[in-house]
Amino acid sequence: MIVEKVKIINSLGLHARPAAQLVKITTRCDCDVFISKDEMEVNAKSIMGVMMLAAEVNSEIIIKCTGPDENLCMNELKELVKNKFYEE
Amino acid sequence: MNKKVKEKVLKGVAASPGIAIGTPFNYVHETLNVSRETISDHEIEAEIIKYKAALEKTKTDIVEDKKNAAKRGGQEAAKIFDAHLLIIDDQVLIDEAVYFISSHNVQASYAVSKIMKDYQMAFEKLQNQYFSQRAFDIEDVCRRIIKNMSSELDHVDLSTVLKGKQIVISNNIFPSDTLNFNKDLILGIVTESGGSTSHAAILSKSLEVPAVVGVTGITKYMNKISLMIVDGFTGKIIINPKPSTFETYKIRQHEEQKQVEEDLKYSKMPSVTLDNQAIKILSNIQSTLEIDSVIKWNSDGVGLFRTEFLFESSLSILSEDDQFKIYDEVSEKLYPRDVTIRLLDIGGDKLNDKMSIKEDNPFMGVRGMRLLFDHPDLLRAHLRAILRASARNNISIIIPFVANLTEITKTKMLIERTKKELASEGYPFNDKIKIGIMIEIPSIVMISEAVAEKVDFFSIGTNDLTQYLLAADRGNERVSNIYDSFHPAVIKMLDITIRSAKKKNIDVGLCGQMAGYPIAIPLLIGLGLRELSVTPFLVPVVKKIIRRLDSKKCRILADNCLKVSTSRSVSSLLSDFFEKNIGENPLQ
């Protein structure tokens, strides 16, 4: 299992479209992915779950990947967040 | 009808103009109370198959609704369903339901309703309004799934239950209700919840039926209403009107209909003054739903396309491509008319939860370009989308809320950079796209001559100009007596701006509320304006006045207004002129 903390930097946070982008990656990877923010932890393969985090700009999320693809998945997710979900 | 109540007035948000008088129809969404039924182990598999089939069916339904919405209301209306498709594809949600069915031996509809309620509650608790509103979308999607699995939840078919044309009252209107609503069936729409960007508001505007939304308490009165009036101009609902009120509104409604017929006649005539000065009458719009009105009222084009509404009403922030589709649709449908797009002006009165930053004095804080400069990625996508839609050469750009030259040169530089980017990617666009600015901060008026050398046109926004010049918040009732667009200082500001524009030979137009005040129009023409931009349905009203004006007489009126020192004197000069030259006030 690998765990990393990342900061949301796109100005609008994890709204519907970024959440969908994120889920596209997690559902493709062969590993369990959970994301937590504050007290809440959600399954990162669910768009509803990811949106429920209500992660706004500058909030920090903790990504947890467990399984064969964990490294690949984590890298892709970090890249996605760093690139502001390729939408701005 | 139960107990009769006396006339009562309720206040809501005016969502779509017009007056409706009629009986109410209570459009109820059945509360989702799917009872729990135990199924035996060997029934589980069949139940899961039924559930998956319902998912597929619902997905097809949503795609279909999306297509219809696109046809009827343009790109934005269709976007509502995009998020719904994301929800229905949520694998975890699907797995949860399957797990719940098999581990608890319950029927699929119960599993879906249980999961929906859990999510709904979790979302409703969220502090951020954007996220908490998603509870509403989850409910809509789950209702559709359940409906496709059972007969327990039947949608009311309005065409069979209405007693003639009625006013539809509902707690809220779901996107999936859209196709049920038809202009030939309903007189008006009233909802208990929702604001000016709610789905109900968008729907009623596209149907052109009077509507008032956010009327707290209306559903409680439901059984006590025998007759009601919906005033879509002021946002008033009058329950069981007294005979005198009824008469007043009957007359207003009749006049409104007569007005519409007469306006249509006027809209076909040319917009020229008695001494042959051509005046362009453009429209202020905020969504693609208003394109038809621009064409119907024969407006010369769009003088102000407010883009903030697109962002506020959308379920998610619009990507470059989403925006491009919208601007392209406006450009194409209105071609060869001009369309002036104002860059996203969020702030002050239109604070958006998605981007809001807490400020002590938001009207003087980060709004307009100030906010866009802080969000370079958002600005870049915005500019790219507008430029990409400019290939027909009928689009121009307005830079909002500028206080100094630096902001203008910076924006122009960014536009140039975007052009280079697009050129290298091979996108067609108008290399000579016109760039203008909003005149709404007094400082820019004082240096307008220098500014006129840097831009292609001025667009005067009288609402904000008045507010900033008189230091009176236009939304604050306690200073509403100070906020006054007829203050002589405001008129001097207009004069300075228009003179600077003429001297430097650039276009100048006015898109504030002032252009829609009948008595102010002679003054605006007198000051030298030849372009006014108003709400689409006011186009014929403005034209009617213009056709009775002599621009030389208007000039004398303007000179007189520039000499007096109180707004009362200005008002009386304007009223006198109006009475002598136009006659009755067409808006009274």
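We name chains A, B, ... by the order of the sequence lines, and we start the count at 1 in each one. Computed over heavy atoms, backbone and side chain alike; hydrogens, waters and symmetry mates excluded. As the structure is a prediction and not an experimental result, all values here were calculated from the model.
Applying the 6.0 Å contact sphere to CE of B/Met121 captures no more than 12 heavy atoms from other residues, nucleotides or ligands. Within 6.0 Å of atom NZ in B/Lys419, more than 12 heavy atoms from other residues, nucleotides or ligands are found, so the atom counts as buried in its surroundings. The environment of OH in B/Tyr99 is sparse: at most 12 heavy-atom neighbours from other residues, nucleotides or ligands sit within 6.0 Å. By the neighbour-count criterion of 12 heavy atoms within 6.0 Å, atom NZ of A/Lys64 is sparsely surrounded, having that number or fewer from other residues, nucleotides or ligands.
Using a 4.5 Å cut-off between heavy atoms, B/Leu379 does not touch chain A at all.
The heavy-atom pair separating B/Tyr119 from A/Gly49 by the smallest distance is CE2-N, 4.4 Å.
Atom-to-atom distance recorded for B/Phe123:CZ and A/Met48:CE is 4.5 Å, nearest 0.5 angstrom.
Only one option out of B/Asp89, B/Val92, B/Asp90 pairs with A/Ile47 in a side chain to side chain contact (heavy atoms under 4.5 Å, CB included); it is B/Asp90.
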